[in-house]
Every structure is written in C-alpha cells, then in structure tokens.
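Below is one structure, written out as structure tokens; the observations come after it.
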Amino acid sequence: MYNIQTLIKYLTKTIETRFPKAHALIAGLRNFLKRKLLDTGFFDFRFGGANIAVTLIQFYYFIYYQFGKDMPRFRFTTDGFIELITSFLSINLLLLFISCLLSKLPRLKAGIDIFIVWLYYQLMVYQAEAKNTLDFTLVFDNIDITFTTEAYEVIFGSLSISSYIVSFLIIVFLIFLQIRNKSLTESVQKSRVIFKLGFTLTAYFMILFFQIPTRDNIAFFFQSMIRHSMDNAANIKIEKGTYPFFKSKIQISDTVDLKRHSENRPSIIFIMIESFNASVINGYTEDGKEITPNFNRLTKEGLYIPHFYGNSIQTCKGQYAAFFSGIPSYKGKVFVHYKKNDFISIASILKNNGYRTLFYQAYRRLHSDNTAPFLSSNGFEKAITADPHNKEGNPVYPSKERQTWGIEDSEFYKRFLKYAETELSDGKPFFAVLMTIVNHRNFNNYPEEKWHMHKNPRTIREHYHNSVHNTDKALGFFIDSIRKSDKLKNSIIIISGDHSYPLGDHGIVGNENGYYEESFRIPFLVLHKGNIKPVTLDKTAFSQLDIAPSICDLLAIENESNAFQGISFFSFPGTTHPIPLIQPYSGRYLSIVVHPWKYIYHHRTGREYLFNLDNDPEENNDLSSKKEYSQKKEDLRKHLKTIYINQTLLEKNIMVRTGN
C-alpha cells in the first residue's frame, strides 16, 4: 500500500541528501502541508497496485508515442503539459473514486481494479495499432453488430499476439501485488470517505464535461459520449411542410449525344465490391505484377471515372448513397436509426418502370445493419444471400469456400448466374445489385494458397494486394460469363465498391480513422458494349450519389418523384460539383470535394484542412492557413450546410413527401 505521506517522506529525504540548501524550504513546505491538509485526513488518499499499473502503462506509451511512427507525440507547450498532467490525473481519479465508492467491499473493488487496468491497456493498444482513440459514436453506431462472430474477428484479429501476452502479464502482476501485500484490497479509503468520494467525482466530471485534453483513453471515451449526446451540429431550421431535396422530376441531360433506352430497356447488373480501394487500379507490385489486370482491361471498354468517391466509410452507408442518392448520416446508420423514414430509391423507380429488383449478397447475415428489411421496404422485391443458396439444405460448407464473412467471389458469381438462369428468365428486365464480401478486413486471414501477388506479405498493403487480386480474377470470370450468356450479354454492367479501405497511407489502416483520399476513393466503371462509348472522365469527379441519377438518365426515366442529391455522369461531363464525404468517427471529419480542391473540417477540434489534389495528390501540403487560399476555403466551407440540412431532414423525416 502506498499513500501520499510515504511519498512525501521519500521525496523529502532524497532532496535533503542531494540538495541540502533547499532542505529548509522543503521542510517548511512539508510541515505546512502536513499541518493543514494531511493531518486532517481530507487528502490522505490510499494508492494501490492498480494506480502503479496504469501509471507504468501511461509512461510506457508516452515513450512509445514519442518514437513511434505516425503517433500523437508530446508537445512541449503549455497545452501539452496540461494534457500530460491530465492524462495521469484522470485515470487515477477514476481508480480513487472506485476505492471510495467500494470502501466497504474491498474484494469487489479489487476485481474492478483489475478490469479497469486491463481495459486501460487494451485501449492504449487500440490507439497504437489503429492510430486513433476509441470513439463512443463508433460503438453507438455499431452496437447492433457488436456481438457477432465477424465483429469479434475484426476486434481481436487486429490485435497482436504480444498484446495478449502483456494483458495476461498485467493481470498476473496485479494478482501478485494482492497476494504479497494486499495492494488492491488494502488500498480502499478508510478516512473521510464521503469527502473523498465527492472530491474525486467532481474533479473527474470536470475533466469530462469541460473536455480537458487527455491521453487517458477511458476518459476520452466518456468525453466522446458527452459530445455525442450534446451534438447539435445539424440544428438547421427547416420550415414545416417543406422538403428541400424533394423533386417531382429527374433531370435528363441534353449536353451529350447519348444512346438512351426508353424502350426495350436492358437489365442492369450493379456489382459492389467490398472494400475496393482505387489505388490498386492500373497498379503493380514492386516486382512488376499487375494487381487488377481484368478491371484494368475493362476500363478501356466503357465509361471509367478515375476520381470517384464512396461518400462514407461503411457498407450500409455506401449502399444508402448509391441506391438512394442521399448523403449518409453522420449520426447513426440510415438503415438502422432511420428505418421508418420515407425514402425513394433507384430500385423503387426502376420497379415503377417495369423492372424486377434484386439485392444479392455474399455475406451470410442478411439482417446485419438491418440491410434486408430496409431494402425490402424500399423498392427491392428480394434481398437474399447467396451463402446458403443452392446448397440443398446442407448448411456445412468446405472451409476453403468461406474465407472471411461469406463465400468467395468466384462461387458467389456462379451462384448468381445459376439464379439468373432460373429465377430471372421471364423476359422482364431486372436490376440486380451484387454485393461481394471476401475482400473484407482482416486481409491477413486470406488463405495462403491464394497469395499470388506477395508470397510473404508483411504489410496490410501486401495482404490487400493478395486479396483484391483474387477479387479481380473472379470479376474477369464473371464478365466473360455474362458476355457468353444470351440472356445477360446485353445488360448494363456497373462495377464499383461499397467503400474504400486505407492501406497505411498517412499511417491510417482502419475505416473508422481515415479522412484522406485513400479512405474514400473507389473505382467506378460502366459497361454496355455498343451503347456507351469507351471514355475516361479524368477532368472531374463523381461519387456514389451520382449513380442513381445516371441510371435514370441512361434509361430516359424522368417523370419520377425523388430526393436525389447527385447528378448524372452524362449531364455535365466537363464540369465539377460539390461532393460530400462523411467520416462519422474519430471526432467526425466532414469533407467537400470540388475537384481538384478538397476541404476537410474536424468537428471535435474545429480544425480545417485544404488540399489541391492536382498539385498534391498525397495530401501532404495543407493550404488552409495560407491567406491566398482563404476565399477558396470559405467557398468550400459553405457546402457543409448541405450536409447539416441533410442530417436535419433525416432526423425529422422530411426527405420526401409521402403519397407522391
């Protein structure tokens, strides 16, 4: 057991020996403090093994951050020292509060101490490996899928073996201290408990509610919880009965020579590839291997857009942007938290125009993120998984067939082809979305026998190359199969991704942290031989918001109500338009791209970034503080209002008028 009196005696003795001239002053100060504070028992806090453990963990990571790559290093400023002091203070205040609260239950207190130290270490490991602190919004948005086996795979699969070993050693260390001198149970507070309870609680709450900067990740999580509950960034006043995004018609382009399909409309196959990072397109490994040869070949046969964005960082958010042409919510998931709202999807519009509509996914859980129920109530006649499809009631498959969260792409495409031959053969055109899954984190779990790009992958980028190369190989097989099919060969084929995935650029390796290009840029390609001329639109940028309006433009569908927020690729091929990008986590980053300019706003800190993507594609040169770009920054900042309006419309359910 350790207390303040013992600590002060030790420090006084050390100073007396090494600095004898200062002894008188220290002795006087000690006597004053002892007489006024310690002897009263008010501040005679008892410290135990848990306090030692968290202090050692904090000290280790303080050193680690100073020398680690892409880590939040200590700043030798006033704010930096305040943050450092608060980091050590906040976690110890929490432990002292518990020792006061459970002063009469020492064994329970000891168990909670061990859990808090373990949790504290795990959050430090998460920050070190994910390059960010755990955000409450991330937990809140994904609580519905937290307890699935796939979530456990993502959470625990991202931690290193060493972290598990150290976790075990920390627990052993605390148990050893308890057995040796009852450091955990004897560190309960025994005097002035009520005062100490109020003091520690008040001090801790001040750190939380005043949002005092801290590197204590438990306190940071609670601070993010408070920010989430008090968030009113979308407090936009919308006049009652108005629907700002609602339109009675769809804009049809008149600036390009486009062969439309107002009659005998073709089927549409929309392939959404899981975690499709645009950086691999036309890319090669260090030893010259082409990573995506099939997609590269296909870009020369259709409409290819190099500067194309997923509007957010999760599957259901990308699906909402693509199917509904709506800006994804930055507070919750539309499929889950706004499932009772009124929407108009591209599937609804196509269904009104004689199409059969199908959502067909490789992931075995249809209700994850409320996907199947939401899509089924918004225009998709069927939302089914290929995972059990055509297995004749046998739920057990060979392990080689299920690589991550569902079946691999080649088998997935084969099952769709068989399904199309039997279930989509009535002569009606269909709109089918094919959502793959195998190219999903953790990429290091991909089977070794399919490591064709890197035989000994060491980094997440190399693991990703192995995974996406097999995805590309299956895609090539599928496109060739479609072209050989009499029923499918005249289909419009759209190939894109649900979202991107950062591969270590800027030190970011997780979707919940990224806000640079590599977190949003995805490939995009439209194929329709003989109808869409091969062209690369490399002078402008588009996003998932533009997919639904473009499909309607291509099919000459205009007399349909909608709330589409994108534009057609065919409407303004020579100009650009604002593209909103939503990173809801890590304190929320909201971005606006008006190619080649990109503006980023960090909601938690108020910090702004400005990049010229033509001159600085790696986003290394932030121009936001330079006076000559202040007007450009202001012009782009104004477009944030559209994101806030969109959030308000979602929260008030006034996106579209009912009965139209």
Side-chain angles (χ1 to χ4, degrees), residues 132 135 137 211 224 227-228 230-239 244-245 307-313 317 321 325-331 500 506 508 513-521 539-546 563-567 572 575-652 655:
N132 214 335
D135 192 303
T137 303
Q211 299 287 308
S224 70
R227 288 194 299 270
H228 181 91
M230 300 177 67
D231 181 16
N232 61 352
N235 190 21
I236 303 291
K237 293 184 178 181
I238 305 295
E239 187 178 345
F245 291 159
H307 303 289
F308 193 87
Y309 292 88
N311 295 97
S312 195
I313 47 79
K317 294 180 183 292
S325 189
I327 302 173
S329 169
Y330 58 69
K331 289 183 67 175
S500 185
H506 301 93
I508 297 172
N513 304 321
Y515 48 92
Y516 293 100
E517 289 287 277
E518 61 269 14
S519 293
F520 294 99
R521 287 271 299 279
K539 301 300 182 184
T540 186
F542 291 95
S543 75
Q544 290 169 326
L545 297 180
D546 306 316
F564 292 166
Q565 296 170 48
I567 66 172
F572 309 101
T575 62
T576 189
H577 61 296
I579 295 173
L581 306 178
I582 310 297
Q583 169 52 277
Y585 311 131
S586 302
R588 187 185 307 143
Y589 290 87
L590 304 179
S591 304
I592 298 294
V593 175
V594 179
H595 190 77
W597 292 96
K598 182 178 182 180
Y599 167 83
I600 305 172
Y601 174 72
H602 190 207
H603 179 69
R604 187 180 78 224
T605 63
R607 183 175 177 181
E608 297 174 296
Y609 306 81
L610 181 68
F611 300 103
N612 185 317
L613 298 176
D614 277 350
N615 300 334
D616 180 27
E618 303 298 325
E619 296 169 283
N620 293 321
N621 184 22
D622 178 16
L623 304 173
S624 62
S625 61
K626 297 186 176 182
K627 291 184 179 180
E628 59 265 38
Y629 298 108
S630 58
Q631 186 59 51
K632 174 60 69 175
K633 185 173 64 174
E634 176 65 23
D635 292 341
L636 293 172
R637 186 192 298 124
K638 292 177 181 178
H639 293 297
L640 290 178
K641 185 176 181 181
T642 302
I643 299 176
Y644 297 137
I645 291 175
N646 175 80
Q647 190 67 34
T648 301
L649 301 184
L650 286 171
E651 293 173 2
K652 295 184 177 182
M655 190 68 70

Should V593 and H307 be marked as a side chain to side chain contact (heavy atoms under 4.5 Å, CB included) after you check the CA-CA gap, both sets of side-chain angles, and the distance that decides it? CA-CA 10 Å; V593 175; H307 303 289; over 6 Å; no

Should Y601 and Y515 count as side-chain neighbours, where that means a heavy-atom distance under 4.5 Å? no

Determine whether the aromatic ring centres of Y609 and H602 lie less than 6.0 Å apart. no

Heavy-atom closest pair, residues Q647 and S329: NE2-OG, 3.1 Å

Side-chain donor/acceptor of D614 to backbone N/O of P596, under 3.5 Å: no

Mind checking whether V594 and H577 have side chains closer than 4.5 Å, heavy atoms only? no

Tell me, please, which residues at least two apart from S630 pass side chain to side chain contact (heavy atoms under 4.5 Å, CB included). none

Are there over 12 heavy-atom neighbours, none belonging to E628, within less than 6.0 Å of that residue's CD? yes

Which heavy atom of T540 sits nearest to which heavy atom of H595, and what is that distance? CA-CD2, 4.1 Å

Please examine the side chains of R607 and D622, heavy atoms only from C-beta on, and report whether any two atoms are closer than 4.5 Å. yes

Residue list, side chain to side chain donor-acceptor pair (under 3.5 Å) with S543, at least two apart or on another chain: N311

Show, in sequence, the C-alpha distance, side-chain angles and deciding distance for I582 and L590, and conclude whether the side chain to side chain contact (heavy atoms under 4.5 Å, CB included) test is met. CA-CA 5 Å; I582 310 297; L590 304 179; 3.9 Å; yes

Name all residues meeting the side chain to side chain contact (heavy atoms under 4.5 Å, CB included) criterion together with N615; count only those two or more places apart in sequence or in a different chain, and write none if there are none. N612

List the residues meeting side chain to side chain contact (heavy atoms under 4.5 Å, CB included) with S224, not counting sequence neighbours, and say none if there are none. D135, F136, F221, R227

So do the side chains of I567 and F542 get within less than 4.5 Å of each other, counting heavy atoms only? yes

Rounded distance (nearest 0.5 Å) linking atom OH of Y589 with atom CD1 of I600: 8.5 Å

Would you mind listing every salt bridge (Lys or Arg N to Asp or Glu O under 4.0 Å) that reaches into residues 593-604, with sequence neighbours excluded? E517-K598, K598-E619

Can you give me the closest heavy-atom contact between P580 and I592, atom names plus distance? CA-CD1, 4.1 Å

Set of salt bridge (charged side-chain N to carboxylate O under 4.0 Å, His left out) partners for K633, sequence neighbours left out: E608

Mind checking what makes ring-ring contact (aromatic ring centres under 6.0 Å, His included) contact with Y585, not counting sequence neighbours? none

Rounded to the nearest 0.5 Å, what separation is found between the OH atom of Y629 and the OG atom of S624? 12.0 Å

Taking only residues two or more places apart in sequence, or in another chain, which ones meet E634 in a salt bridge (charged side-chain N to carboxylate O under 4.0 Å, His left out)? R637

I'd like to check R521 versus F308 (side-chain heavy atoms, cut-off strictly below 4.5 Å). Are they in contact? no

Is there a side chain to side chain contact (heavy atoms under 4.5 Å, CB included) between L610 and L636? Walk through the geometry before answering. CA-CA 9 Å; L610 181 68; L636 293 172; 3.6 Å; yes

Sequence neighbours excluded, the answer for ring-ring contact (aromatic ring centres under 6.0 Å, His included) partners of Y516 is H506

The reported gap from CG in L613 to CH2 in W597 (rounded to nearest 0.5 angstrom) is 9.5 Å

Look up atom CD in E518 and atom CD in E618, then write down how far apart they are to the nearest 0.5 Å. 8.0 Å

Non-hydrogen side-chain atoms of N646 and P328 separated by less than 4.5 Å: no

Check: Q583 and H603 side chains under 4.5 Å, non-hydrogen atoms: no

Taking only residues two or more places apart in sequence, or in another chain, which ones meet Q631 in a side chain to side chain donor-acceptor pair (under 3.5 Å)? D635

So, using side chain to side chain contact (heavy atoms under 4.5 Å, CB included) as the criterion, who are the partners of K652 when residues are at least two apart? T648, I654

Take K331 and R588 through the side chain to side chain contact (heavy atoms under 4.5 Å, CB included) test and state the conclusion after the steps. CA-CA 10 Å; K331 289 183 67 175; R588 187 185 307 143; 3.9 Å; yes

Output for pair (L581 CG, S519 OG), nearest 0.5 Å, gives 10.0 Å

Once rounded to the nearest 0.5 Å, what's the spacing between atom NE2 of H639 and atom CD1 of I579? 11.0 Å

Any side-chain donor paired with an acceptor under 3.5 Å for H228 and T137? yes

Report yes if some heavy atom in the side chain of D546 is under 4.5 Å from a heavy atom in the side chain of S325; otherwise report no. no

Contacts of T642 that satisfy side chain to side chain donor-acceptor pair (under 3.5 Å) - sequence neighbours left out: none

